[in-house]
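All of these numbers come straight from a predicted model, not from anything done at the bench. Scope of the values below: all heavy atoms of this structure, side chains included, with no hydrogens, waters or symmetry mates.
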Amino acid sequence: MTLNASTTGIFHTFYEKAQELENSRFCQCLSGSRVRLSWTRNGLSTDGPSHDDVKAFGVTLRLFMLSRDRISFAEIATLADTDPGLPDTWCAEAAAIRDTLNVYLGTSPVLPILPHGDGRTATNRDVLETWLYGDLTHLHDAKRGRLRRLLETPLVNVNYASDLQDTLLHVLARIFDLAGANSRELVRHGIEPIPMAVPRLP
């Protein structure tokens, strides 16, 4: 049984955007431990990639995390129910990758220092979303407020930068895992995927 045309398109787009992340200067510096993150009153600062490098990376990363985007982890998960051409092996691998990511994002950093504001301990998802929506895109007022409080606490500021770096590396690793699963499925159907050199991430 062949893949739906829409699934093929989604897999190609997922692979292409994963390749954009892999080739970005910010990702290469992260995976090579050649970047140090810190926070200023103007937001995230790095000692390697430029602000434009970081913003381009973040805008692409958001595509995988926004549930309404066609290449998000949430949307990819629905393909198991909508495309009968996908085998059980792909469905199981994709589900395991997504579950691994969600478990990680739902846990707290080793030193949970990001104040959430509602009495609960912040999670790795909070760490990521505070940057994506509170600093990078300014789309979410509550996350912008959390970021402002964060920047007023020097020790929290330093530790949050470290937590963010760890979280980004784990999210990237799961994106590349799923890109690999998708590309293998394309090959199985005789479709040539876009070549991608995947960095070694945790």
Side-chain angles (χ1 to χ4, degrees), residues 6 9-78 97-98 101-102 104-105 114 122-148 150-151 157 160-180 182-183 193-199 201-202:
S6 59
I10 289 170
F11 279 9
H12 271 130
T13 302
F14 191 102
Y15 205 74
E16 176 188 352
K17 294 303 178 182
Q19 187 177 43
E20 284 184 19
L21 288 178
E22 189 273 331
N23 289 333
S24 70
R25 176 167 166 74
F26 187 50
C27 177
Q28 291 172 1
C29 289
L30 275 175
S31 59
S33 300
R34 300 192 307 273
V35 62
R36 181 178 178 183
L37 305 183
S38 59
W39 290 92
T40 69
R41 289 293 178 183
N42 296 320
L44 185 69
S45 175
T46 72
D47 60 1
S50 68
H51 175 73
D52 287 344
D53 291 331
V54 176
K55 186 171 183 179
F57 171 89
V59 168
T60 302
L61 181 68
R62 283 178 58 222
L63 299 176
F64 297 94
M65 308 308 295
L66 286 172
S67 58
R68 64 180 178 270
D69 195 279
R70 67 195 296 261
I71 65 167
S72 69
F73 280 91
E75 287 297 308
I76 292 288
T78 67
I97 292 169
R98 183 170 182 246
L101 176 62
N102 283 332
Y104 173 78
L105 291 176
L114 179 62
T123 64
N124 291 311
R125 189 183 301 276
D126 295 321
V127 169
L128 177 64
E129 291 184 350
T130 296
W131 172 62
L132 279 179
Y133 308 122
D135 174 42
L136 189 69
T137 61
H138 302 285
L139 291 177
H140 197 289
D141 288 342
K143 291 179 175 61
R144 291 178 68 185
R146 189 189 310 161
L147 184 63
R148 284 194 297 270
L150 173 76
L151 298 181
N157 181 333
Y160 175 47
S162 176
D163 288 343
L164 176 61
Q165 187 161 343
D166 289 344
T167 300
L168 289 175
L169 285 170
H170 278 83
V171 171
L172 283 169
R174 302 296 78 78
I175 289 172
F176 295 142
D177 285 346
L178 189 51
N182 295 347
S183 69
I194 304 168
M196 185 174 84
V198 177
L201 296 172

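The aromatic rings of His170 and Tyr104 sit parallel to each other, their planes meeting at less than 30°, with 60° as the upper class boundary.
Between Arg62 and Tyr133, the closest side-chain pair of non-hydrogen atoms falls below 4.5 Å. Considering only heavy atoms from C-beta on, Leu168 comes within 4.5 Å of Leu61 through its side chain. Residues Arg174 and Leu178 have side chains not in contact (no heavy-atom distance under 4.5 Å, counting atoms from C-beta outward).
Only one option out of Leu101, Val171, Leu21 pairs with Phe64 in a side-chain contact (heavy atoms from CB on, under 4.5 Å); it is Leu21.
A distance of 7.0 Å separates CG of Asp163 from CG of Asn124, quoted to the nearest 0.5 Å. To the nearest 0.5 Å, atom OG of residue Ser183 and atom NE2 of residue His12 are 9.5 Å apart. Between the CG atom in Leu128 and the CG atom in Asp166 there is a gap of 12.5 Å [rounded to 0.5 Å]. Between Arg25 atom CZ and Gln28 atom CD the span is 8.5 Å, to the nearest 0.5 Å.
Smallest separation of non-hydrogen atoms from Ala18 and Phe176: O-CE2, 3.3 Å. Asp53 approaches Phe26 most closely through the heavy-atom pair O-CB, 4.2 Å. The minimum heavy-atom distance between Phe14 and Ala179, with the atom names listed, is CE2-N, 3.5 Å.
The backbone N or O of Arg68 lies less than 3.5 Å from no partner atom in the side chain of Ser72, so there is not a single donor-acceptor pair. No donor-acceptor distance shorter than 3.5 angstrom exists from the side chain of Thr130 to the backbone of Val127, with no hydrogens or angles considered. With Asp126 contributing its side chain and Thr123 its backbone, the two residues share a donor-acceptor pair below 3.5 Å. No side-chain donor-acceptor contact under 3.5 Å links Thr78 to the backbone of Ala74.
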Exercise for the section: Kindly indicate, with the supporting measurements, whether the criterion side-chain contact (heavy atoms from CB on, under 4.5 Å) is fulfilled by Cys27 and Leu172. Expected result: CA-CA 8 Å; Cys27 177; Leu172 283 169; 3.9 Å; yes

Exercise for the section: Evaluate the side-chain contact (heavy atoms from CB on, under 4.5 Å) criterion for residues Ile76 and Arg98: first the C-alpha distance (whole Å), next the side-chain angles of each, then the deciding distance (0.1 Å), finally the verdict. Expected result: CA-CA 9 Å; Ile76 292 288; Arg98 183 170 182 246; over 6 Å; no

Exercise for the section: Kindly indicate, with the supporting measurements, whether the criterion side-chain contact (heavy atoms from CB on, under 4.5 Å) is fulfilled by Leu105 and Met65. Expected result: CA-CA 11 Å; Leu105 291 176; Met65 308 308 295; 3.9 Å; yes

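Salt-bridge annotation for Lys55 and Asp52: absent, with no side-chain N of the basic residue lying under 4.0 Å from a carboxylate O of the acidic one.
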